[in-house]
Amino acid sequence: EVQLVESGGGLVQPGGSLRLSCAASGFTLGDYWMHWLRQPPGEGLMWISVIRHDGTGTTYADSVKGRFTISRDTAKNTLYLQMNSLRAEDTAFYYCARDASAKPYDLWGQGTLVTVSS
Amino acid sequence: DVVLTQSPLSLPVTLGQPASISCRSSQSLVHSDGNTYLNWFQQRPGQSPRRLIYKVSNRDSGVPDRFSGSGSGTDFTLKITRVEAEDVGVYYCMQNTHWPPYTFGQGTKLEIK
């Protein structure tokens, strides 16, 4: 079955770190651009980051640049989001999504909730 | 950044009646390659988003033909010919012509009257 499964969310204190994972099955991550997006509870969708299919390039939203790092492990067919210096405003459901050649987000994970609070 | 403005933000509709959502962009979404990268997503309560339409008017596999997308330049529309109960949720337009960042509209909440 073609799917994405996120994990790694949870409660973290302000200033803390967390690493999210997105395990892909039924397809090869390296064939697609892959994105992270987030959605604060009850709010809209926001794009965070993208990694190109060959892993050569990454891009970030200004709000997370310098704090978040997107990466992937092709052997494990898994996408990651390392989140450092977390702030209360980073509290959200985090989704990974697949981008099929300029036809973005044809496949989404189920989301994982990150809560930043003391 | 490209700003997408959706209207209305709340859309109460009677079952079986049509519905229409507008998405207006702060700049033309025509890419230098000639394509227009405007997409529509549906998010049902408690679920992840699901893409309905890509590149303005291309319906995704499995999407009922009561959904259609149209528009050009800066003005786009998602139409539902006859609303069904399973259509309840929030609808987002999204552009990937001018990035970064990829941007979404605020969302339109469709509910049954």
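The analysis underlying the following values was restricted to heavy atoms, covering all of them including side chains, and did not include hydrogens, waters or symmetry mates. By convention in this document, chain letters (A, B, ...) are assigned in the order of the sequence lines, proteins followed by strands, and residues within each chain are numbered from 1.
No side-chain heavy atom of A/T115 sits less than 4.5 Å from a side-chain heavy atom of A/V12. Side chains of B/Q6 and B/R24 form no contact here, defined as non-hydrogen atoms less than 4.5 Å apart. Between B/Q42 and B/V90, the closest side-chain pair of non-hydrogen atoms is not below 4.5 Å.
Using a 4.5 Å cut-off between heavy atoms, A/D62 does not touch chain B at all. Contacts of A/I48 with chain B are absent, with no heavy-atom separation under 4.5 Å from either backbone or side chain. B/Q43 touches chain A through its side chain: at least one heavy atom from C-beta onward sits under 4.5 Å away, while N, CA, C and O do not. Both the backbone and the side chain of B/Y102 come within less than 4.5 Å of a heavy atom of chain A. Contacts of A/E43 with chain B are made by backbone atoms alone, with heavy-atom separations under 4.5 Å and no side-chain atom involved. For a residue to count as touching a neighbouring chain, one of its non-hydrogen atoms must lie under 4.5 Å from one of that chain's; by this rule A/Y95 touches chain B with the side chain only.
Contact check on B/D87 versus B/R44 returns no salt bridge, with no Lys/Arg side-chain nitrogen under 4.0 Å from an Asp/Glu carboxylate oxygen. A salt bridge links B/D60 to B/R51: one of the charged nitrogens lies within less than 4.0 Å of a carboxylate oxygen.
Both the sub-6.0 Å distance and the 45° axial angle are satisfied by A/K103 relative to the ring of B/Y54.
With chain A as partner, the option from B/W99, B/F41, B/Y37 having the largest number of non-hydrogen pairs under 4.5 angstrom is B/F41.
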